[in-house]
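All ligand and atom numbering here is 1-based and tracks the order in the structure. These values consider heavy atoms only, across backbone and side chains, with no hydrogens, waters or symmetry-generated copies.
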Amino acid sequence: MIYLDHAASTYPYVEVIHLFRDSLGEAFANPSAAHRLGLQEELKIKDAKNRLAKVLHCEAGELILCSGATEAANMAIKGYLNANRHSGKKVLVTAAEHAAVYQTAKFICAKLQLEFCEIALNRDGTVDLADLAQQLNQECAFVCVMAVNNETGAVNDLHAVTRLLHEKAPQAKLCVDYVQALCKAELNLRQAAVDFGIFSGHKVHAPKGVGMLYVKKGTRIEPLLHGGGHQGGLRSGTENALFAEALAIAVEHGTRNLRADREKVAKLRRIFMEHLDESLYCVNSATDASPWILNLSFEGVKGETLLHALADQETYISQASSCHSKAPHSHVLKAMKLSVSRMESAVRVSFDASQSEADIEKASGQINELVRALRRISKR
Ligand code: PLP
């Protein structure tokens, strides 16, 4: 099997598997329980949050553990806008945002009668800063700009975004989806001057079902989940020490190896491209995009057809983002103004540093053969 769909989900690190294998049977006590076993679990959660805060350069109290990035996005966007009803009338969201952010913002804007404004993209998939500058004003309550796009790997200039916000809408809160940037770029939340940060475990070799929201100290949000008042009353529900530890292990591991992994992945991407027949494809990702994600079009062959043909050979890629693979065209590629034939034939290949060069070469070869064969069939 050759798995090239790491932007959709990753396998858990061996250390994470060992953690579950060794501790699942023992780590059963409730972290809120007053007895010693409960206290042990509570200490594990505190330790995990401290370790995560150290890596991300923030305070442990600014991190809320949750089920994943979708929940984190809901907590941030609904939580802030529900708690701060008079903070402004407009919410700005880039056209590239993942559905977890985009749809949440759209929903709450309709509900609270706020203006939902989409920020345009450049042709390379990054946010159009001129459009952002034009739309930012004193009426803006909330702005969502993702760090790295999950379909194309486009990297946004968050320094430029925060500068614009500071100049034109200092009252607006900035929410950054860091899902595809975590362990792939150096993150310093204190310096980044963001108000909310969204993270997911299963994209960084932790299990599915764990994620995290960073909420800058002093930012008021209304909780989504009410109950026993866990995590400072912001996310009620019994905490899962194993998930917290797994996330800390994965994020520490990924951050420690970031530079080496980046070099390795860039090399894999190069090898992949070198072995593809250049007469067959065009590249939809910018040259300076995250090396982990590569979006390509093989015009004349539907992305879905290629995906399934490759899967028959046990090589796995995806069409766009796997979360909304049922939509006719990717909203991101559409916002980049790609032609219909290019959108229809687009696929996403996403790498991981653990992969072998031989597998990557093999995958390119399979794609060359399949695209040629599928084009022959469609011409008949
Ligand atoms: N944001 C981005 C950029 C993503 O790629 C994803 C997952 O595909 C999400 C948010 C949602 O993450 P989760 O699966 O943890 O809810």
Centroid-to-centroid, Tyr11 to Tyr3, below 6.0 Å?
no
Glu97 near ligand 1, heavy-atom distance under 4.0 Å?
no
Looking at Ile293, Asp177, Val210, the heavy atom closest to atom 3 (C) of ligand 1 belongs to Asp177
Between Asn284 and Ser297, a side-chain donor and acceptor under 3.5 Å:
yes
Does atom CD of Gln113 have more than 12 heavy-atom neighbours, drawn from other residues, nucleotides or ligands, at distances under 6.0 Å?
no
Please work out whether the ring planes of Phe116 and Tyr102 are parallel, tilted or perpendicular, with thresholds of 30° and 60°.
perpendicular
Using a 4.0 Å cutoff against the non-hydrogen atoms of Ser200, which atoms of ligand 1 qualify?
13 (P), 15 (O)
Residue-level breakdown please: for Thr70 versus ligand 1, do any non-hydrogen atoms fall below 4.0 Å on the side chain, on the backbone, on both, or on neither?
both
Contact with ligand 1 for Glu71, non-hydrogen, under 4.0 angstrom
no
What atoms of ligand 1 come closer than 4.0 angstrom to any heavy atom of His202?
13 (P), 14 (O), 15 (O)
Determine, using ring centers only, whether Phe199 and Tyr214 are less than 6.0 Å apart.
no
Short list, please: which atoms of ligand 1 are under 4.0 Å from a heavy atom of Asn150?
3 (C), 5 (O)
For Gly68, counting its heavy atoms only, list the atoms of ligand 1 lying under 4.0 Å from any of them.
15 (O)
At under 4.0 Å between heavy atoms, what of Gln180 touches ligand 1? The answer is side chain
Any N or O of Met146 closer than 3.5 Å to N or O of ligand 1
no
Is it the case that the side chains of Thr94 and Glu97 hold a donor-acceptor pair, with the cut-off being a distance below 3.5 Å and no angle test?
yes
Are side-chain N/O atoms of Ser9 and Lys203 paired as donor and acceptor at under 3.5 Å?
no
